[in-house]
Each structure stands twice: as structure tokens, then as C-alpha cells.
Amino acid sequence: MHNFFAKKRITAFLFILVLVTFSVLNIIQSFGPIQKTLASADFHYSEAKELIHELDDDINEHVFDKFGFVEAYGYMQSLMWKNEENNFEVVKDMEGKLHYTYFATGPTDTKDLSDRVAALGAHLDPKTKLTYVMTPDKYVRGYTQFPEGIPYNYNNETADGFLANLKQDGIDTVDLREGLLESGIPAKDLFFTTDHHWKIKTAFWGFGQLVNHLDGMYDKPLDPDHYFTDLNNYNVVPYQDIFIGSQGRKAGKYFAGDDDFDLIYPKFKTDYSFYFKTGETEATLNGRFEDALLTTYPLNVQGATYDLTADKYFTYLYGNQGIVHVVNKDKPNGLKVLFIKDSLAVPMISFLSTVVSEIYLIDPRYYTGDIMDFASKTDLDHVFVSISPQDLVDEFFPYGSKD
Amino acid sequence: MLFSSVIFLFYFLPLVLGLYYILRFSITAKNMLLLVASLFFYAWGEPWFVLIMLASICFNYIFALLVDKFRERRNAAYTIITLMLIVNLGMLFVFKYMAFALRIVNENTSFGLNIPNIALPLGISFFTFHGISYVIDVYRGHGAVQKNLFYVALYISFFPQLVAGPILRYNTIADQMVNRKESWDKFALGCCRFIVGLGKKVLLSNSMAIVADHIFSMGGTSDIPASLAWLGAIAYTLQIYFDFSGYSDMAIGLALMFGFKFEENFRYPYISRSITEFWRRWHISLGTWFKEYVYFPLGGSRVTNKDKMIRNLLIVWGLTGVWHGAEWTFVVWGLINFAFIALEKISNFDKGTRFNPLRHLYAMFIVVIGWVIFRSPDLIQAGNYLGNMFGLYGNGFWSETTWMFLKEYALFFILGILFCMPIATRMNKLMVDGARFSKPLELVYPVTIIVLFLVCVSYLVKGTYNPFIYFNF
């Protein structure tokens, strides 16, 4: 019997040690956020549940060495050779790239969403053209393969149905999923492994495709000499093993690995004005492409690999802002365009800024104004809607509803 | 607050344990601390419903005083007990069953009654049963009446068992509230038990929940081949066991850390060879409660007439089914258990010793079928799911999804099935008995348990799927 209690006593001693150590470290870690929440709290009994919820969030978000635990979790998942983690939060394809997915039996009906885009088109000034730019899904048809049984979300089929509806309504579309495998970029390098976004070189290719499409629509080509769409006229700065994207942040790098990141910016002279406003935050920057449209903070940040501020994709145009206005001072007489977009389009749009005069960007998630009103009242030559296949949901189309 | 949460593990528990052992000089101070901590524990998740629990504590305290005072006057005592049952069960009815009852009325009449949307206070079935147990035990003289409201409050609200049991009878804990002794050995046992329970819940139950929830949510009569339906049923069978028994282990462990001794609530029910045996091993405290306060008062099995015994069983199992939730599925599940237990009693099946593997297969088959009905949102979906299990809708046998779930959760299925059996108990015995490998195993044990704890923490910090199965209760 002595043996029985001896091992339990040792265990209990170790347990207390671990418990007390982590408790103290956790309290230190979350003390500031808890204090902040309590300072701004409404202490009425009716608000108690809300306050408890906020404190719970503070505590869960500020666990000591949170990402150390996430790494450990990811490592265990990889030891079990798992292709999905945490209730299919992300899954791995046969190549090890991470994907968002869900169980679906077929494509989603998006007729209502395409009707909203059509309503937007009808609301625009007759001189303003409308194009839907379908950016590619990370599940690249003809290339990506999931391990047996891993659920597929039918994003591409949903996007097909959506584009078919738009075409039926006579709306111009560009489908950047087409020709992706013939782009010259190796298929394995089209998308980041740990992030749902396309790589910057793929976005640059998308920019070229978009310019080609627009050149067929306007009398005066945007890039007659193919100078601006030639990657040789840009600096490409590779950063090795530097990026853990949003999907990687969920599973940890031992499960997901990490990514290289290419920073691409013009070699040629540029002069921009960049304005953004999200909520109460607004700013204006002026200067060259790399000074006005890029922030190198995510590339230089140290010791916060998993922090949102370290997301390399947000290097371009400061990520997702409510509204952005980019003025290319070197092209005063070019096109004035508006993009209603999600995050995937951001680097592509920043490259497009080299061939147009002005670009407005609206992110439907963060813009609080009336998008249709803005589009019809602003002097625009072209409106683009660019929401990627995975985002074909209500949240990204808050306009033109029949309700 | 959940045991399997960061706030409980790294804020609430160390603070309460620390204060408790600082106050070890005074039992009153320790009990006061436990009461305050318990109310805080409940209020953290349910700031409004704590008032309902406090009301339950107050009126049961008064009923116990009255029943004690009028104990000698039989009619008065019966009236008080009846009133007490009306108030307790009435409260339970309003919060848990009224919407269900109104729905039945609407389905069978043209009244078109308005069905109110009443949220279910967490743990109401547990603290209601605690209250009833207290008053009846006082009436029966199985425990002295508490003149001090504070002790009644502590008994009903004691946080280790507050939300999901085990259901403590007052007479098993009355003395411990004033005369318990903490010891390092008790504490050590409690720690280990708590961590094992946490592991069962966070690793095994939650992982099985992912499989079960996905497969059950597919619903309908299409696209679920037999293998997938069986896999979902088995996953749920493992999920519910590791969830309940894990919670009980955590509760028993926590109680031990504070010097309390709770009775066992699960004894490896999936090794049973009959449904009767299954219920001797499954949720023992609930079975004991119904036996003590319903079955025995009705006459139990010691009745001259077998018809009466069957009637008594029917009442108990009808109530057991309904206690688990307000839906026909729970009623049917209760009645299935009743039917098989009654048959086993009539045929003395439970006492047989031949064909044990077949008996085990029979028991598990009925248990798994029962869990499918228990888990389904309604009887139609239960019927569809059972139909899929037996290939009634022509969906074939195998699918890629079956393989995927098996492959992705292989380790959890293997560990789940292994730890349903008394392997851990045998290994403990091996160590205690000083067998050949006892020394190395003895060293491995603490490391294993602490690593298990850290693994659980990594799952919790990561924010993995953590469903709370007790919302229905």
C-alpha cells in the first residue's frame, strides 16, 4: 500500500508545483487586460454576464506562453499523422498545405448574392463599368487533392454557380481561377502553405491577367508596352521561413510548417498618396510605392511570430481597412476605380495602382457607410467586386438586398 | 464555470485550495470559504440563475425544519413532504418540462398555446434532487436537521458536484460537513483522480464528440452508410461515458482535495453482461437516488406480486428517462431500459454465468442502441439513424468518411475502448502488489499523470472543441 500512496504523493507535489507556477505566470500575463476590462466595466447586475464573458476572453487570450501550448498541441497532432485538427478547423491536403473546409454535400446557392451585385451595377452611373473579379480558391482544381474522406467545401462549384448567375445578368467577369496552372508559377507555389491567401507572385500574375482583361475593354491600353506587368521591373525580396499564416496560427508550426514570403515592389520611380480609415483610425501617407503602400513592420517584427501584427500578407496596403484611397500621382489622367473586396485581392490591387490614376478600396466588413451610395456618388470609371470563393456569404455583400 | 477551463484550473482552483489550507485551523472558516467559492463558481456561468438555486436552498431548509418539527404528526409531515415535492418538482417542471408539455398539448389539441422560451438553469436537476434528498433524509431520521441554513447551502451548492453531480444523498455527507479531516494522502489521491478525470473529458470525450457530432448532424436517410452510422454510435457511446465518468472523477478528486469522500459513480459499465448490471455500474448515484426515494417507497422488488414490481420499475425508468431531458427520445430510452431490466428480472438473466461473451455483446448492443435514441434530437431522427445502422436506406456499408474518421481518431478510439475496461485499476494493483516491474512503473506514474495534465492544458489553451453535455440536465 505504501507504493500506492508514494507515487500519488509525488504526483500531487508535481501537480501543485505546475498549478502554482502556471497560475502565477497567467495572472501576471493577464493582469493588465483584466484591469483594463474592469476599469471600463458596467457593474450593474444585468450586465454581469457580459462582464464575465469579457473577463473569460481576457483570461483565455492571455494565457502564459499561449503559442507554446498551441505548438505542443500541433506537435501532438502531427505525431498522430492527423490531416485535420480541432474539429476540422483546418485540414491538410496531400501536399501538406492547410485549408479551411467544412462538411458539405454540394455547392451553396448564391443567387441572392449575385442579384445584389447586379443591383449594384444597375445603381451605378451609366458611364461606370462593373466587373466581378473572382480570385482563386486555395483548392486549385486539377491540382489540389485531399486525403481520403477529408471533407471538401465545394467553394469552386459555388463560385461557378455565382459567376454563371452574374453572366446571365450581363455582368462582366474575370475568373482568375482559369489559367492559374498555366501561369508559369509552379502549382505548389501558388498559395501559402500556412495561409489561405495566394502568394505575392500569384497576386502579381493576377494583376497581369486583370490588366489584359481591361485592355480589351478600353480603347487606350493600361499597359501598352507590358512594362508595368513585367516582374523584371520589380524588386523581389525573398524572406525565408518567415511567415506563419492564419491557418498556421491555428495549428502551430509543428503541424503546419512555415512559409517563405516574397516582397515585391517597383524598381521604377513611383509617387503615391495613400489614405485609409477604419473606425476612428485614419491616416495619410505619401511617397514611393514602398513608402506609401507598404509597411515593413510585419517583416521586421521580432518575437511575435503568431501575433496578428506579424501577418506578412498585411504588408500590402496595411491589410484590410474600411476604406482606402490610393492616388497615383504619376498617372493623373488614368482610370479611377473602386474595389469592393476581401483580403485576397489586396496585393493585386496594390500592383494595379501602377497603371491607374486612383483606386478606392472598400472592405464590406469594416466600412460602415452605404456602399451603393458611395459607388454611385463618386466619380468612377470602373467598379470591381472581388470576393474570393470562400467568402461568398452575406457578410461580404451588404448591399442591394431585396429585403 | 467548467472544470475543463483555464479560469478554473489556473485561477479558481489554486486560489480556493490555497485559502482553504490557510484556513485549516477552523472548520467553520473552511466551510464558509467553500460556500462562497461554490456560489461564485455557479454565478460565473449563470449570474441570474444563482438566485434560483438560492431560493431552492431556502425553501428546502424551511421544509426540513418543518418536517422535523411535525415529524410525530404523520398527516402534517406528509403534507409538508407533499408540499416540498410540489415546490421542488414544480420548479423543475417550469424550467425544464413546461415547454415540452405545452408542445404536447399543442400537438394533440387545437389550443395553440404560447410556448415560452425559458432557459434551463444549469444543474437544476442536480440541485433539485439534492434538496429533495435533504428533506426526506431529515424526515426519515437519516441525518439531523440543519438549524444552520449555511450548511444546507453548502450541501446543495458544493461546487465539485453542483453542475453535474454525482448526486449526493444528504445522509452521506451530513457528517463530513462538520467532521471531516484532510490528509496529504487524501489530497494526493484527489489530485490524481482529478487529472485522470480531466484527461477523460478533454482528450477522450471531446475527441469522440467531434466524430459523433459530425455523424449525427448528417441526419436524414441519405448518405450515411452503415459503417459510418455504427462509428457515430460507438463514438457517442465512448463520448458520453468519458464525459460523465470524467466529470465524476474530477468531482470526486476535488472533494478529496477538500477532505470529502464522495461515493463512486461509475464502475466500468461497459464491461457489463446485462442491462441490470450496466445500471449497477452506470451513474450509480442517480440509480441509488431513484432506488432510495422512489423505488423502495413504492415497494421495490420485495412485493408479493410481480406485477407490482414491474409497475415500480416502469415508474422508476419512466422518471429516469424524463430526468435526463424533456423530449420523447428520453422517455423511449428510459422505457427500453425498463423493458430489458424487467425481462432480465423475470427470467433471472442477470444471475446467469454461462455464455458471458454473448451476454456482454447483448448488453452492449442494447446500450449502444439506447444511446442512439438518447442522442437523437427527436424520435424521427432516431428512427432514421437506427435505419442507417441496419442498412435500411440502401446507403451501402463503407465510405471514405468512415475511413477518414477512423484514421484521424484511431488513437482516441483505441484508448477509449481500452480505458472502458479496468486496465488502470489492474496496473495500480500490479504496482501495489510489488510485482516485478512495480518500481519502474512507480516512477513512470507521476511523470505520466503530469504529462497528461499538460497535454490537457495544451488542448484547453488551444481552445479545442469542448462541448458541454450537461446543458440538458
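First the proteins, then the strands, lettered A, B, ... as listed; each starts at 1.
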Determine which pairs satisfy salt bridge (charged side-chain N to carboxylate O under 4.0 Å, His left out) with at least one residue from residues 62-81 of chain A, sequence neighbours left out, and list them in order. A:Glu61-A:Lys66
Are A:Glu148 and B:Lys407 within salt-bridge range, i.e. N to O under 4.0 Å? no
Where on A:Ile16 is there a heavy atom nearer than 4.5 Å to chain B: the side chain, the backbone, both, or neither? side chain
Only distances under 3.5 Å count here; give the side-chain donor-acceptor pairs of residues 200-207 of chain B to other protein atoms, sequence neighbours excluded, each with its distance to 0.1 Å.
{"unit_1": "B:Lys200", "atom_1": "NZ", "unit_2": "B:Ser245", "atom_2": "OG", "d": "3.3"}
{"unit_1": "B:Lys200", "atom_1": "NZ", "unit_2": "B:Asp249", "atom_2": "OD2", "d": "2.7"}
{"unit_1": "B:Lys201", "atom_1": "NZ", "unit_2": "B:Asn206", "atom_2": "OD1", "d": "3.0"}
{"unit_1": "B:Lys201", "atom_1": "NZ", "unit_2": "B:Asp243", "atom_2": "OD2", "d": "3.0"}
{"unit_1": "B:Lys201", "atom_1": "NZ", "unit_2": "B:Pro467", "atom_2": "O", "d": "2.8"}
{"unit_1": "B:Ser205", "atom_1": "OG", "unit_2": "B:Gln239", "atom_2": "O", "d": "3.1"}
{"unit_1": "B:Ser205", "atom_1": "OG", "unit_2": "B:Asp243", "atom_2": "OD2", "d": "3.2"}
{"unit_1": "B:Asn206", "atom_1": "ND2", "unit_2": "B:Tyr465", "atom_2": "O", "d": "3.2"}
{"unit_1": "B:Asn206", "atom_1": "ND2", "unit_2": "B:Asn466", "atom_2": "OD1", "d": "3.0"}
{"unit_1": "B:Ser207", "atom_1": "OG", "unit_2": "B:Leu203", "atom_2": "O", "d": "2.5"}

Please flag which part of A:Phe67 lies under 4.5 Å from any non-hydrogen atom of chain B: side chain, backbone, both or neither. neither
Using non-hydrogen atoms only, which part of B:Ile195 is less than 4.5 Å away from chain A: side chain, backbone, both, or neither? side chain
Exercise: identify the closest heavy-atom pair between B:Glu408 and A:Asn83: OE1-N, 2.8 Å
Going by residue number, which parts of residues 18-29 of chain A are within reach of chain B, meaning a heavy-atom gap below 4.5 Å? A:Val18, A:Leu19, A:Phe22, A:Ser23, A:Asn26, A:Ile27
Tell me, for B:Trp403 versus chain A, whether the close heavy atoms (under 4.5 Å) come from the side chain, the backbone, both or neither. side chain
Residue pair B:Tyr11 / A:Ser30, side-chain heavy-atom distance below 4.5 Å: yes
Does the side chain of B:Tyr445 reach to within under 4.5 Å of the side chain of A:Ile10, using non-hydrogen atoms? no
With a 4.5 angstrom heavy-atom cut-off, which part of B:Ala410 approaches chain A: side chain, backbone, both or neither? neither
A:Phe103 versus chain B, the contacting section by heavy-atom distance below 4.5 Å: side chain
Which heavy atom of B:Tyr459 sits nearest to which heavy atom of A:Gln77, and what is that distance? OH-NE2, 2.9 Å
Cation-pi check, A:Lys82 onto B:Tyr409 ring (under 6.0 Å, within 45° of axis): yes
Residues forming a ring-ring contact (aromatic ring centres under 6.0 Å, His included) with B:Phe453, sequence neighbours excluded: A:Phe15
